[in-house]
Amino acid sequence: MTKFSEQFSRRKFIVTAGASAVSSILLKGCLGNPPEPGATAGADGAIPAATSVMAVANEKRVEGIESTKITLGYIPIVEAAPLIIAQEKGFFAKYGMTEVTVAKQANWGSARDNVEIGSAGGGIDGGQWQMPMPYQISKGLITKNGVQIPMYVLAQLNTQGNGIAIASKHQGKGLGLKLDQAAQDYIKGLKQAGTPFKAAYTFPKVNQDLWLRYWLAANGINPDTDVELLTVPAAQTVANMKTGSMDGFSTGDPLAAADCQRKHRLHVRPHLRNLESTSRGISSNSRRLGRQTPQSHRSLTRRTN
């Protein structure tokens, strides 16, 4: 068992995620609460339930709570900060949810598969999602065999915190927020030469896919025919930029910031102008669980006074 703080640099994580965590509905007014000294992460990245004496002593239990146990999934990017910090600080336990497990997911596809399974089968009950994944899961648009799994959206975790990245090998070609005619011709010319511009998002038909397509289309580039779009797990984006296997990507910090520091890319813009207030990440759980344990769900999102 290794401590979560050993897996991630505490200083870098707090600097990167602080703004998101402070503004989150889960953490508003929670600063100054006692830390959870006993929380550790397993080899699979799961942070088990907070059980410290201090967390239990400060408990403000929601009346009629049906269950103290739930498993929430997360992808290790900025928007996961509220869930991780709430667990590390014992905020879940403070409101009666003393058996919360925050489990790292390999990618968005894995999170989707695991919420289909549910925690009873070794999966998850909900957690962090890109919009509009909860709606797609509810409608069976992205689940196996079109199975509909109704979801409750509980909270918005953060806004902004995204980047559209362009590989540094394209520097000097005029690739930026706005593409002039020469830049448009350059990208289209790559396709004609048999080396199409390859850009990645982390999951199809969700925020990062839409932002990337919007940027291209608004600049006269057909995202379906003029470039090649790929689905790449968030954790793999920086490595792919380093090896040169793709020319750009749309994903969330701190991956975009890390890539910038390594000088593998040019930063187009954290957000496209018209999308600055778009939801970046939300917390959503299965409606089946919500109907069975409504007070437990209320406890998950309750603020301190």
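Every heavy atom of this structure was used, including side-chain atoms; hydrogens, water molecules and symmetry mates were not. Start at 1 with the first residue, then count along the sequence.
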State, yes or no, whether a side-chain contact exists between Ile166 and Lys173 at a heavy-atom distance under 4.5 Å.
-> no
Between CD1 of Ile149 and OG1 of Thr143, what distance do you get to the nearest 0.5 Å?
-> 5.5 Å
Rounded to the nearest 0.5 Å, how far does CD of Gln181 lie from NZ of Lys188?
-> 6.5 Å
Relative to the ring of His170, is the ring of Phe197 parallel (under 30°), tilted (30 to 60°) or perpendicular (over 60°)?
-> tilted
Locate the shortest heavy-atom distance separating Pro132 from Lys205; write the atom from each residue and the value.
-> CD-O, 3.7 Å
Derivation and outcome, side chain to side chain contact (heavy atoms under 4.5 Å, CB included), residues Tyr74 and Glu79 | CA-CA 9 Å; Tyr74 76 94; Glu79 65 204 49; over 6 Å; no
Of the non-hydrogen atoms in Gln148 and Gly140, which two are nearest, and what is the gap between them?
-> CG-N, 3.8 Å
Check: Gln105/Ser110 side-chain N/O donor and acceptor closer than 3.5 Å = no
Would a 4.5 Å heavy-atom cut-off, applied to side chains only, mark Met151 and Trp129 as touching?
-> yes
Evaluate the side chain to side chain contact (heavy atoms under 4.5 Å, CB included) criterion for residues Ile142 and Phe203: first the C-alpha distance (whole Å), next the side-chain angles of each, then the deciding distance (0.1 Å), finally the verdict.
-> CA-CA 10 Å; Ile142 60 174; Phe203 196 82; 3.8 Å; yes
Close side-chain approach of Gln87 to Val100, heavy-atom, < 4.5 Å = yes
Side chains of Ile164 and Ser250: closer than 4.5 Å at any heavy-atom pair?
-> yes
Any donor and acceptor pair, going by atom type alone, linking the side chain of Asn222 with main-chain N or O of Asp224 inside 3.5 Å?
-> yes
All heavy atoms of Gly220 vs all of Gln184, minimum pair found to be CA-OE1, 3.9 Å
Kindly compute the distance separating OG1 (Thr202) from CH2 (Trp108), expressed to the nearest 0.5 Å.
-> 6.5 Å
Any side-chain heavy-atom pair of Val227 and Leu216 under 4.5 Å = yes
Once you round to the nearest 0.5 Å, how far does CG of Leu175 lie from CD1 of Ile221?
-> 9.0 Å
Heavy-atom distance under 4.5 Å between the side chains of Asp125 and Val115, does that happen here?
-> no
Minimum heavy-atom separation for Gly176 to Trp215, with atom names?
-> O-NE1, 3.0 Å
Rounding to 0.5 Å, atoms CG (Asp185) and CG (Leu190) come to a distance of 11.0 Å
Nearest non-hydrogen partners of Leu212 and Ala199, listed with the distance = CD2-CB, 3.7 Å
Euclidean distance, Glu228 CD relative to Asp247 CG, rounded to 0.5 Å | 9.5 Å
Knowing that exactly one of Thr71, Ile117, Asp113 qualifies, which makes a side-chain contact (heavy atoms from CB on, under 4.5 Å) with Ile124?
-> Thr71
Quick one: does Gln128's side chain get under 4.5 Å of Leu157's, heavy atoms only?
-> yes
Are the side chains of Phe249 and Asn240 in touch, meaning some heavy atoms are under 4.5 Å apart?
-> no
For residues Val102 and Leu83, report the shortest heavy-atom separation together with the two atoms involved.
-> CG2-O, 4.0 Å
Evaluate side chain to side chain contact (heavy atoms under 4.5 Å, CB included) for Leu229 paired with Lys198, printing each intermediate quantity in order.
-> CA-CA 6 Å; Leu229 298 183; Lys198 296 181 179 181; over 6 Å; no
Could you go step by step and tell me if Asn207 and Asp209 meet the side chain to side chain contact (heavy atoms under 4.5 Å, CB included) rule?
-> CA-CA 6 Å; Asn207 280 348; Asp209 179 9; over 6 Å; no
